Undergrad: 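Quick one: the structure is below, questions incoming.
Here is the naming used below: chain letters follow the sequence lines, and residue numbers restart at 1 for every chain. Note that this is a predicted model, so its numbers are computed, not measured.
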Amino acid sequence: MNQEEPVKSLNFIEAMIEEDIRSKKHSGSLQFRFPPEPNGYLHIGHAKAICLSFGLAAKYKGLCNLRFDDTNPIKEEVEYVEAIKDNIQWLGFTWDKECYTSDYFEQLYDWAILLIKKGKAYVDDSSADEIASWRGTPTQPGQESPCRNRPVEESLDLLGRMKNGEFPDGSKVVRAKIDMASPNMHMRDPIMYRIKHAHHHRTANEWCIYPMYDYAHGQSDYIENVTHSLCTLEFEVHRPLYDWFLDNIIDDEKVNRERTRQTEFARLNLNYTVMSKRMLLQLVEEGHVEGWDDPRMPTISGLRRRGYTPASIRNFADKVGIAKRENVIDVSLLEHCVREDLNKIAQRVMGVLDPLKITIANYPDGQVEELEAINNPEDERMGTRRVPFSKTIYIERADFMENPPKKYFRLSPGAEVRLRYAYYITCTEVVKDASGTITELICTYDTATRGGDSPDGRKVKGTLHWVSAEKALKARVNLYDRLFSLEDPYSCAEGETFLSNLNPNSLEQVEAFVEPFLAEGQPFDHYQFERLGYFCLDKNSTPGNLVVNRTVTLRDSWAKQAEK
RNA sequence: UGUCCCAUGGUGUAACGGCAGCACUAGUGGUUUUGGUCCACUCAGUCUAGGUUCGAAUCCUGGUGGGACAACCA
């Protein structure tokens, strides 16, 4: 009787958009944009922003541009723009137009002339130190520059000469004339242009003056007809300035009514990692990780190399939601999202990370048989494969205990277990070396249990993964753990930095044995190593030199119980 | 001695003046040729003090707590 459809709950941005649609605020379709600065690699926090703007565009039948905010030539590089484009496409999004703020330098310059002519901007000869000291503090008003009231003609002349390269870096700036006593520091005559005789990755040496973020961003949105300009919370105090520039440049009532509006949401934070571009850059440059795409990095490239899928990241972005309050997401949610996706799509395979040799005493010498194994129990369409079985095999060292506790379902002296897709085996003898370390197990198998079922119906509690010693392939396996050992890597003792919280065991490398099927894989292919976790082939893996990265372990309720 | 933003289970996020819901985490049980998956269940929340109202997580006021703002960075 209660057939109410589940109420769709909107986040505050969707609610605003639907209100704009209802009130017909915009005469055209909705337009979004994702505006990275090409000065580093994108991370999972950017992925949230990308999913937001591109996702909204898709949901409301609008478009989303990719715009590189390239107004600071000394920090920006082509390598970064290529990586960013790559990441966005990999995530599964397609931008409408590929834009660059540098495409608008000419227009921005013309608008600067307009503002000076209107008496809304001026050229300032003050030094950086003077400007900083005259700006005041958040609690004290600033004071006006001596150049503030210089004649319009003089500012115009100076601006032209700045552009022509007549002045050295730092000798002059263009400032908006707003209010040095404003409680908002950003309104105290903010700088619009600075002189930088630097090579720009797109405009080369055409310009030696470059606009500041605040002077460029709103106008770029306006030029692209952006209707909803979404950014993170730290730009909230910039919004009055965003509006001020457009208010003073655009003289058209209708355009102003429909004009782009900035809306801020809380950025993503994840525990056990850092999300600051500066810190990520430091990790790369100082060699604490192997590069921007090191699988321990929270970068999109790192997550990809770790074995995360685009769908898992999109789903994660959806689950964390959009709001304005500060948040720290638990990595377990991210891990849940990959497991959820990989469980559906990952090829199952067997591999042994910490091998213990077993000789099956009653199995014929030299015999090898091919046993049928299911590729993915969650998806019948993925079919089956054949796995070679032989007299000597390897199992996981942790799957045998000489003196097992109660509820231990695995192998122990006299116990019978199932080898997955193979046979029931019983341990008859434990072989040790002089130091008492177990070196080998002697077992017998029940020939009637081929495939893993017993015709007499007897049950075994344990099922182990295994690999044929004769046919297995060697593989280098990278076992990754969290990069930092502290939930909050930013908190550290006096005189120390976040680097002191690096987890010394974030990477453990082992030589493992895997079934021959792995040789058919391509870099980035996903696998589930049964009973162990999800893995993928590294970008540098080849059939003859397998390199496997662990994405995440399987949930392990036995490990939890064993801890107690 | 400022301005602005924010406050719901352990973590996130809904509820738009009318029964505080969902996901993750944790725990219990069931199914299982992965101690996986799946299924069922359990623990657990409106920062505080007033006010408005028949009725407040929601509106108002004051506290408290957290965050942002003083690059010629974005």
Undergrad: Where does B:A71 land, syn or anti, once you apply the within-90°-of-0 test for syn?
TA: syn

Undergrad: If each of A:P377 and A:K48 is mapped to the nucleotide of RNA chain B with the nearest heavy atom, which maps nearer the 5' terminus, i.e. the 5' end?
TA: A:K48

Undergrad: Under the salt bridge (Lys or Arg N to Asp or Glu O under 4.0 Å) test, which residues partner A:E130, sequence neighbours left out?
TA: none

Undergrad: Could you check, using the six-membered ring where one of them is a Trp, whether A:W111 and A:F245 have ring centers closer than 6.0 angstrom?
TA: no

Undergrad: Do A:H200 and A:F105 have ring centroids that are under 6.0 Å from one another?
TA: yes

Undergrad: Taking the same atom, C1', in B:A44 and in B:C22, what whole-Å distance lies between them?
TA: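 Comparing C1' positions in B:A44 and B:C22 gives a spacing of 15 Å.
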
Undergrad: Is a donor-acceptor contact shorter than 3.5 angstrom present between the side chain of A:Q528 and the base of B:U34?
TA: yes

Undergrad: For A:F535 and A:F529, take the angle between the two ring planes, folded into 0 to 90°, and tell me which bin it lands in: parallel under 30, tilted 30 to 60, perpendicular over 60.
TA: parallel

Undergrad: Which residues pass the salt bridge (Lys or Arg N to Asp or Glu O under 4.0 Å) test with A:R148, sequence neighbours left out?
TA: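 If we apply the salt bridge (Lys or Arg N to Asp or Glu O under 4.0 Å) test to A:R148, skipping adjacent residues, the hits are A:E144, A:D189.
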
Undergrad: Determine whether the aromatic ring centres of residues A:Y423 and A:F389 are separated by less than 6.0 angstrom.
TA: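 Yes.
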
Undergrad: Please state the C1' separation for the pair B:U32 and B:G67 - nearest whole angstrom.
TA: 48 Å

Undergrad: For A:V328, which contact category applies under a 4.0 Å heavy-atom criterion: base, sugar-phosphate, or nothing?
TA: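 Counting heavy atoms under 4.0 Å across all strands, the contact made by A:V328 is with sugar-phosphate only.
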
Undergrad: What parts of residues 330-345 of chain A reach RNA chain B, counting only heavy atoms under 4.0 Å away?
TA: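 RNA chain B contact set from residues 330-345 of chain A: A:D330, A:S332, A:L333, A:H336, A:N343.
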
Undergrad: How do A:L419 and A:I322 order along RNA chain B: which one's closest nucleotide is nearer the 5' end?
TA: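 Counting from the 5' end, the first nearest nucleotide belongs to A:I322.
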
Undergrad: Indicate, yes or no, whether a donor-acceptor pair under 3.5 Å links the base of B:G67 to the side chain of A:R325.
TA: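 Not at all, since no donor on one side and acceptor on the other fall under 3.5 Å apart.
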
Undergrad: Using a cut-off of 4.0 Å on non-hydrogen atoms, how would the nucleic acid contact of A:Y408 be classed: base, sugar-phosphate, or nothing?
TA: base

Undergrad: Can you list, in residue-number order, the parts of residues 550-558 of chain A that come under 4.0 Å of RNA chain B, counting heavy atoms only?
TA: A:L554, A:R555, A:D556, A:S557, A:W558

Undergrad: Answer with yes or no after comparing the ring centroid distance for A:Y213 and A:H217 against a 6.0 Å cut-off, counting only values under it.
TA: yes

Undergrad: For A:Y210, answer base if it contacts any base atom (sugar-phosphate contacts may also be present), sugar-phosphate if it contacts only those atoms, and nothing otherwise; contact means non-hydrogen atoms under 4.0 Å.
TA: nothing

Undergrad: Using a 4.0 Å heavy-atom cut-off to protein, can you give one letter per nucleotide of nucleotides 68-74 of chain B, 5' to 3': B if the base is in contact, S if only the sugar-phosphate is, - if neither?
TA: SSB-BSB

Undergrad: Within the 3.5 Å criterion, strictly below it, is a donor on A:R33 or A:S229 matched to an acceptor on the partner's side chain?
TA: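 Short answer, yes.
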
Undergrad: P atom, B:A56 versus B:U48: distance in rounded Å?
TA: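 One P to the other, the span is 15 Å.
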
Undergrad: Using atom P of each nucleotide, how far apart are B:G63 and B:A40 to the nearest Å?
TA: 49 Å

Undergrad: Provide, to the nearest angstrom, the distance between the CZ atom belonging to A:R420 and the C1' atom belonging to B:G35.
TA: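 After rounding, the gap between these two atoms is 12 Å.
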
Undergrad: P atom, B:G2 versus B:G62: distance in rounded Å?
TA: 14 Å

Undergrad: Could you tell me how far B:U13 sits from B:A7 if I compare only their P atoms? Round to whole Å.
TA: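 My reading of the P atoms in B:A7 and B:U13 gives 10 Å.
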
Undergrad: Is A:K172 positioned over the aromatic face of A:F167, cation under 6.0 angstrom from the ring centre and no more than 45 degrees off axis?
TA: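 Yes, cation above the ring, under 6.0 Å and within 45°.
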
Undergrad: What does A:R188 touch in the nucleic acid at a heavy-atom separation under 4.0 angstrom: a base, only the sugar-phosphate, or nothing?
TA: nothing

Undergrad: Quote, to the nearest angstrom, the P distance that separates B:A68 from B:C38.
TA: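 Their P atoms lie roughly 38 Å apart.
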
Undergrad: Decide whether A:E335 and A:Y534 meet the rule of one side-chain donor and one side-chain acceptor closer than 3.5 Å.
TA: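 No.
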
Undergrad: Just to be sure I follow the notation: if a pair is Watson-Crick (purine N1 to pyrimidine N3 plus N6-O4 or O6-N4) or a G-U wobble (N1-O2 and O6-N3), each under 3.5 Å, what dot-bracket string does RNA chain B give, with | for pairs to another strand?
TA: .((((((..((((....[..)))).(((((.......)))))....(((((..]....))))))))))).....

